[in-house]
Amino acid sequence: MQAPPRRFHVAGSSQLTTFDFLSVPDQTETLFQSLNRQSADDFTAGDDDHDANALFGTLRGNVVGLRYYSGVVNKNEMVSLVRQPDNPYDRNAVQVNNVYGDQVGHIKKELALPMAYIMDNKLAKVEGIVPFGTTNAFSMPVQLHFWGKEEHKASVVERLSRSGFKLCPPSKSTGFETSSYGAGSMLVPKSFRVSPGCLPVVQMTADQLKNEFDKLFEDVMDTKGQMMEPAEAVGTVLLAHQKQALAWMVSRENNNDLPPFWEQKNDIYYNLLTNFGVKERPERVLGGILSDDMGLGKTLSMIALILTNFHKGMPLPLEKIDDEETTKGDIPLSVATLGGLQKKTTEEPNEKVKTDEAVKSTEVSAGSSRSKRQKAKVTYTYSSDSEGSIDGVSPKKKSKAEQKQGKNKGGSSKGRVSSPMECFDFAAALETSAAASTSKRKVKKKGAVANAEMKGRATLIICPLSVLSNWIDQFEQHVRPNVKLSVYLYYGSDRSRDPSFLSSQDIVVTTYNVLAADFGNKNDSPLHKVDWLRVVLDEGHTIRNPNALQTKAVLDLKAERRWVLTGTPIQNSLKDLWTLISFLKLKPFTVKEWWNRTIQRPSMMGDPEGFRQALIKSITLRRTKASKINGRPVVELPERKVFIQHITLSEEEKQLYESVRKEGRTVIGRYFSEGSVLTNYADVLAILVRLRQLCCHPHLFGSSALTVDSKDDATPSELRERLINKMNLVLGSGSDEECAICLDSLRSPVITYCAHVYCKPCICQVIRAEQNAKCPLCRAEIKVDQLVEYPVEKNTSESLETKDKWLPSSKVDALMRVLLKLREEDSSVKSLVVSQFTKFLSLIEIPLREAGFSFARLDGSMSQKKRAAAIQAFQNSERGTPTIMLLSLKAGGVGLNLTAASRVFLMDPAWNPAAEDQCFDRCHRLGQTRDVIITKFIVKDSVEENMTRIQKKKRDLAERAFESKNTNEMKQARIDEIRTLMDI
DNA sequence: ACCGCCGGGTGCC
DNA sequence: ACCGCCGGGTGCC
């Protein structure tokens, strides 16, 4: 390891560039190391003026002192210019470096004088290209481009002219002869065009860019899409798209191609974008981005890769455990002792992994096809956990970790740490595809000998804490029980910090937090001392911010192959893509300057969107649930049927409903005639909520007055209270109202003085946008300081009071009838009972209890811990576990997996049909084995029926939301809605 | 000879 | 560096 380069910050100036004082790199340092070094340095340089996009002009300068430096450049090669203020001969010195950061020379001092001023004061970014004369021994010309903000142009021009230099305007030729791009130039393929004017930047169209990247990141999507069977050790049969992913990933890891934008000509490798050339072959880029939709089994695909492609397509050599051994109980840590991590309790023992039937239906999901006996075989080694203050885990999470520890200790032997001896040596691995027959003894012997050269066996997986347990769980599920895979959980304060131990593992799993904490603890990060075979970033978008410590920590890891897993498409700008590109070590883009000059800026000038998409598309493999392979969808889910069950209210209910409706109609009718519907929108909504509640159960109906008359003489605090009350009416029952600005569900709702509820960020944006902002719904004047926020309150005592005065309702009766019948027919069927009113869920609990149902509950008020427990209990298929989940419509994110249920009862319709669909997807998703039947209860001749009518309109409106942000149209739509709802 | 010219030494910042 | 610059040698052509 070379000593870290000394870096100097220029004190007292705005100059932030750091530079490398080792003008001649250590002889032992390869060019690639030197590039890596640069890349690391680049982070400390304060960047990033992306708005510096005006080209002031160009200038021919000279690079001198070539003979003192080893850095070489090619014709038309880009060079970077770095200030060197501590130069003993000239404080204005400007270094000229090539793409790999090796110094080529200096800018001649006369020009260095104004350049130093311009660079130090950040008046312009100066970039260089050496047009010719690259073989000169003493000096060579350099074409300089000055980029910056328009307002700095004048002073740049002035500074230069003061020293007798004149910028050539960008539109004119700058003496950068186009002839140099002629037939004589072997570096620039014809397909690459030179942009017009004096911009000698080799620009590519999006298509050309894509082609280049495709050389590396082959797009398996629409084409033949090869499939590959995983290694024997993978116990789960892969789905077609997972086999494709495996084939793609294996080929990505074993590929021998030059990285994109590199070309070989006569023993020299040229980078097409920078014209940089080296004798050494550029390092291969092994890895990529797997961006399949949530639920398509990225984790399984990655596990398959780890086991299948250890070296040159050979599987990871793993010791097999025969059955005798497994039953002896000397398994270091059975999964059972890990229970705290993820209570994957039992499944139907009669389903075997190997039966095709089971495989087809269970896929990657819940592993509902593993018997207990089979499970207890993956070797887990991990540190016991005590408070890892170091990793910044929240107390809540910690307590979860403590549980883990508790269980661990309770288990047999305390977390045995598998010794490096148990691992197979590298050489042996190459000879035998799977060291299945190797005896334990032999292995130990060999392992001891080969330990020294055992470099890069282990895969490091970094993930957010929330999915840590999932990884452990997935290894358990998908790795055949008779192979011994060492998975080390690098987490908790007792974790082993021995690099040689870590590198002897098959897999090490840790979190971004732990990694960053170690990295922050200066020069003592065990994970950074290991040469990993593979580094895998789960939820890769976590490293979007290049300044974050965790990002730096991740980029600093040493690995042969690198993967990014992300469930969300990469939606951000090219700029955000840079961290990922940098992580993948696509040279020379690991250095920000080259990324900016060759990709970022050229894309800005052309078609950034197309450019970005081409880049992303070519670099990633992404499939959605809708993707097809050979015309068949990637995921074939069981059917989903939606039925509407109409409810007729009892006479009593009807009377109550009608009286409230009449009252409401009168009120709203008055608003209509006054033309003040929208001014009183909160009241209108409150009336509607009440009617919706009455459709469900009379007890949901609150006791406060229907309308809250707003008098103008109210004191501010009275007004405030009244507004909060109104908001309570609208939001309090857990219903799903939406913001008229973003048309989405309310996030941090606020109410205006004119009583309209919006998302706080949405309305604040509106207010900021114009001087005298008006309420989008009623045009009343609004101000930020008049917005009233919805108080975060907890009221859970109410459900108790309703207990004693329980009476049924038509809707609840209907639900109970279906549930009872269902239980009779097939007691294994589980159901979701969904409502927007959490209070309603509480009411439903009563008859459920009476009928002896075992049920779980999930709503937004529950702690993370309680949620996990509820989900776990429900997903468990054992006898006696809950068969019903009471679910509040919007609880849980898209990730919520409730596949144990195959029936859904939607107790009340939502405003937003998308919210309903999302809810259905919680059980209608990968892992669902039965057809899903959804029942919507809709009260006849009621506001509910009208709501379903509106849902369709809503869908249209949402689709057009982009074109028309027209408030008038929205207003009219609202008014129409209310008319429909109230039959006015 | 307070010049010009020649030729060798030399050369980044 | 096939330059420019410097400084010493030299001096009609």
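Convention: sequence-line order gives letters A, B, ...; per-chain numbering from 1.
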Fill in: NZ/NE/NH1/NH2 to OD/OE distance under 4.0 Å, K585(A) and E283(A)
no
Fill in: Value rounded to 0.5 Å, distance of CD1 in I289(A) from CG in L580(A)
5.0 Å
Worksheet item: Nearest 0.5 Å, what's the OG1-CH2 distance between T598(A) and W594(A)?
Response: 8.5 Å
Item to complete: For dG4(C) versus dG8(C), give the span between their P atoms, rounded off to a whole number of Å.
Response: 23 Å
Discussion item. Under 4.0 Å between a side-chain nitrogen and a carboxylate oxygen: does that hold for K125(A) and E127(A)?
Written reply: no
Worksheet item: Given atom CG of N136(A) and atom P of dC2(C), what is their separation to the nearest angstrom?
Response: 12 Å
Worksheet item: With both distances kept under 3.5 Å, what pairs with dA1(B), Watson-Crick or G-U wobble?
Response: none
Fill in: ring pair (Phe, Tyr, Trp, His ring centres under 6.0 Å) against W532(A), all qualifying residues, sequence neighbours excluded
none
Discussion item. With a 3.5 Å limit on both atom pairs, tell me what dC12(C) is paired to, counting Watson-Crick and G-U wobble, or say none.
Written reply: none
Worksheet item: Is the glycosidic torsion of dA1(C) within 90° of 0, making it syn, or is it anti?
Response: anti
Report all interatomic pairs (protein N or O, nucleotide N or O of nucleotides 9-13 of chain B) with separations under 3.5 Å.
residue: dC12(B); atom: OP2; partner: Y68(A); partner atom: OH; Å: 2.7
residue: dC12(B); atom: O2; partner: H106(A); partner atom: ND1; Å: 2.8
residue: dC12(B); atom: N3; partner: Y69(A); partner atom: OH; Å: 3.1
residue: dC13(B); atom: OP1; partner: K109(A); partner atom: N; Å: 3.0
residue: dC13(B); atom: OP2; partner: K109(A); partner atom: NZ; Å: 3.4
residue: dC13(B); atom: O3'; partner: D90(A); partner atom: OD2; Å: 2.5
residue: dC13(B); atom: O2; partner: N87(A); partner atom: ND2; Å: 3.1

Fill in: Parallel, tilted or perpendicular, as decided by the 30° and 60° cut-offs, for the rings of W262(A) and F276(A)
perpendicular
Fill in: Inter-nucleotide C1' distance (dT10(C), dC5(B)), Å rounded
9 Å
Worksheet item: Which whole number of Å gives the distance between the C1' atom of dC2(B) and that of dC13(C)?
Response: 25 Å
Worksheet item: dG11(C) and dC6(C): how far apart are their P atoms, nearest whole angstrom?
Response: 24 Å
